[in-house]
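Single-structure report; data block below.
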2 protein chains.
Amino acid sequence: MPWEFRSDCPIYAQLIEKIEQKICSGVYPPGTKLPPVRDLAQEAAVNPNTMQRALARLEDVGLLYTHRTSGRFVTEDTDLIRQLKNRLVQEHIRDFLEKMRQLGFGREEILAAISRIMEESKDE
Amino acid sequence: MPWEFRSDCPIYAQLIEKIEQKICSGVYPPGTKLPPVRDLAQEAAVNPNTMQRALARLEDVGLLYTHRTSGRFVTEDTDLIRQLKNRLVQEHIRDFLEKMRQLGFGREEILAAISRIMEESKDE
DNA sequence: ATTCTTGTATTAAGACCTTAATACAATAAT
DNA sequence: ATTATTGTATTAAGGTCTTAATACAAGAAT
């Protein structure tokens with residue numbers, strides 16, 4: 001199934017986010033070999049160059065590493081992964097709270113609204 | 001003060017979000033006259049064309065309307081504004097919950113994490 | 001009537017994003 | 001040794017985004 005992208009942001013940036021998510025959530029566990037660029041590109045329905053660009057960025061920050069010809073692997077540095085996960089969680093929460101605050105929601109209202117929507121989608 | 005933009009998304013898209021926020025939160029109340037395009041552009045530190053593009057989109061959805069030469073105004077349709085606000089709230093919550101879920105957070109953990117971060121930034 | 005202010009349109013340039021089509025180097029697999 | 005697989009690099013094309021510099025039309029202000 002092709003990955004889904006918003007049209008308002010560069011695909012390569014969205015690829016980075018998605019792959020980070022997959023690493024943090026254990027879809028791609030530490031030390032695991034990733035599928036080849038070409039396969040990943042096809043899976044995401046994206047040009048290999050675009051996928052390559054995203055992977056290169058993730059390599060820059062140490063999340064992936066490459067054995068020139070045998071493939072690309074997720075780092076075994078579980079500490080780094082945990083740091084990333086914490087960073088993402090913090091960012092998501094802060095961004096969310098800021099958006100809600102700007103819409104005039106106080107702390108209690110935010111929690112209430114979340115609980116309500118959680119209830120609504122409980123049956124999934 | 002120039003508005004702030006992320007580098008990973010088109011400016012015009014971010015302008016749309018910001019202006020929507022300002023309308024929903026009452027910074028630009030219903031029926032109010034907006035500053036001229038040129039002023040808004042300067043305030044945001046953006047090219048007038050870019051600001052114009054964002055405003056045109058907001059007009060497309062009925063959130064703004066124009067009197068050709070006297071200026072641009074926020075709609076007086078408070079119902080439309082309320083609908084937008086509800087839509088934004090829902091989107092923000094759903095997006096947030098989805099991201100957290102993908103990081104392995106259950107409902108309780110999400111609420112706990114939010115409460116914790118709320119506490120941390122209580123003194124602002 | 002004249003000038004100012006407003007939104008709008010146009011053209012050009014440069015930067016970035018995406019795709020496509022190749023090609024190459026180095027190791028793995030046979 | 002030969003072939004296949006892997007990441008990587010290059011070039012070209014077309015699209016979008018952003019800025020810049022103008023110009024115009026029409027109502028507002030004087």
Side-chain angles (χ1 to χ4, degrees), chain A residues 1-20 22-23 28 30-76, chain B residues 1-20 22-23 28 30-76:
Chain A
M1 64 203 89
W3 303 2
E4 291 178 4
F5 303 103
R6 303 181 303 279
S7 62
D8 61 350
C9 285
I11 294 176
Y12 86 96
Q14 297 180 55
L15 286 174
I16 291 175
E17 277 185 25
K18 298 234 180 193
I19 298 170
E20 279 181 344
K22 286 174 191 283
I23 291 175
Y28 299 144
T32 302
K33 182 178 188 299
L34 287 186
V37 202
R38 295 166 173 82
D39 291 8
L40 279 176
Q42 191 169 29
E43 179 187 337
V46 150
N47 188 280
N49 294 335
T50 307
M51 180 60 73
Q52 160 87 16
R53 182 170 179 178
L55 296 173
R57 287 280 188 96
L58 292 171
E59 226 161 308
D60 290 342
V61 298
L63 228 48
L64 302 177
Y65 65 93
T66 296
H67 284 324
R68 191 70 167 72
T69 61
S70 69
R72 203 178 246 112
F73 301 81
V74 179
T75 180
E76 285 144 17
Chain B
M1 66 203 88
W3 303 2
E4 290 178 5
F5 303 103
R6 303 180 304 278
S7 62
D8 61 351
C9 285
I11 294 178
Y12 87 95
Q14 298 181 53
L15 286 174
I16 291 175
E17 278 185 24
K18 298 233 180 191
I19 298 171
E20 280 181 344
K22 286 175 192 283
I23 291 175
Y28 300 145
T32 302
K33 181 178 187 299
L34 286 185
V37 202
R38 295 166 174 82
D39 291 8
L40 278 175
Q42 192 170 28
E43 180 188 336
V46 152
N47 188 280
N49 293 335
T50 308
M51 180 60 73
Q52 160 88 16
R53 182 169 180 180
L55 295 173
R57 287 279 188 96
L58 291 171
E59 227 161 307
D60 290 342
V61 297
L63 228 48
L64 302 178
Y65 65 93
T66 296
H67 285 322
R68 192 67 168 72
T69 61
S70 68
R72 203 178 245 112
F73 302 82
V74 179
T75 181
E76 285 144 16

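Note on naming: letters A, B, ... go to the chains in the order of the sequence lines (proteins, then strands), and numbering restarts at 1 for each one.
- The shortest distance between side-chain heavy atoms of L55(A) and L34(A) falls below 4.5 Å.
- Rounded to an integer number of Å, the gap from Q52(A) CD to dA20(C) P is 16 Å.
- If you take CG of L55(B) and C1' of dA9(C), they are 16 Å apart, rounded to a whole angstrom.
- With Q52(A) contributing its side chain and V37(A) its backbone, the two residues share no donor-acceptor pair below 3.5 Å.
- The nearest whole Å value for the distance from the CD atom in Q42(A) to the P atom in dT5(D) is 14 Å.
- Atom C1' of nucleotide dG7(C) and atom CD of E59(B) are separated by 9 Å, given to the nearest angstrom.
- Both tests do not hold together for K33(B) against Y28(B): distance to the six-membered ring centre under 6.0 Å, angle to the ring axis within 45°.
- You'll find the side chain of I23(A) reaches within 4.5 Å of the side chain of L64(A), heavy atoms only.
- By the side-chain hydrogen bond (donor to acceptor under 3.5 Å, both in side chains) test, D39(B) is found to be paired with no residue, residues two or more places apart in sequence or in another chain being considered.
- Per the geometry, CE belonging to M51(A) stands 11 Å off P belonging to dG7(D), to the nearest Å.
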(message) I need a per-nucleotide contact map over nucleotides 22-30 of chain C, read 5' to 3'. Cutoff is protein heavy atoms under 4.0 Å; write B for the base, S for backbone only, - otherwise.
(response) -B--BS---
Expected rows: protein N/O vs nucleotides 2-4 of chain C N/O, under 3.5 Å:
none

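- Put simply, the side chain of Y12(B) reaches to within 4.5 Å of the side chain of R57(B), judged on heavy atoms.
- Under the 4.5 Å side-chain criterion, counting only non-hydrogen atoms from C-beta, M51(B) is in contact with I19(B).
- Here dT6(C) presents its P atom at 10 Å from CZ of F73(B), a figure rounded to the nearest Å.
- The side-chain hydrogen bond (donor to acceptor under 3.5 Å, both in side chains) check on E59(B) picks up T66(B), R72(B), with sequence neighbours excluded.
- Whole-Å rounding puts the L40(B) CG to dT5(C) C1' distance at 15 Å.
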Sort me out a list of protein N/O and nucleotides 14-18 of chain D N/O pairs below 3.5 Å, or just none if empty.
from    : atom 1 : to     : atom 2 : distance (Å)
dC17(D) : OP1    : Y12(B) : OH     : 3.2
dC17(D) : OP2    : R53(B) : NH1    : 3.2
dC17(D) : OP2    : R53(B) : NH2    : 2.3
dT18(D) : OP1    : I11(B) : N      : 2.1
dT18(D) : OP2    : Y12(B) : N      : 3.3

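- In this structure, the separation between CG on L40(B) and NZ on K18(B) is 13.5 Å, given to the nearest 0.5 Å.
- For the side chain to side chain contact (heavy atoms under 4.5 Å, CB included) test, residues two or more places apart in sequence or in another chain that qualify with N47(A) are N49(A), T50(A).
- Remark: P of dG7(D) and CG of L34(A) are 9 Å apart, rounded to the nearest angstrom.
- Side-chain contact between V46(A) and F5(A) is present, with at least one heavy-atom pair separated by less than 4.5 Å.
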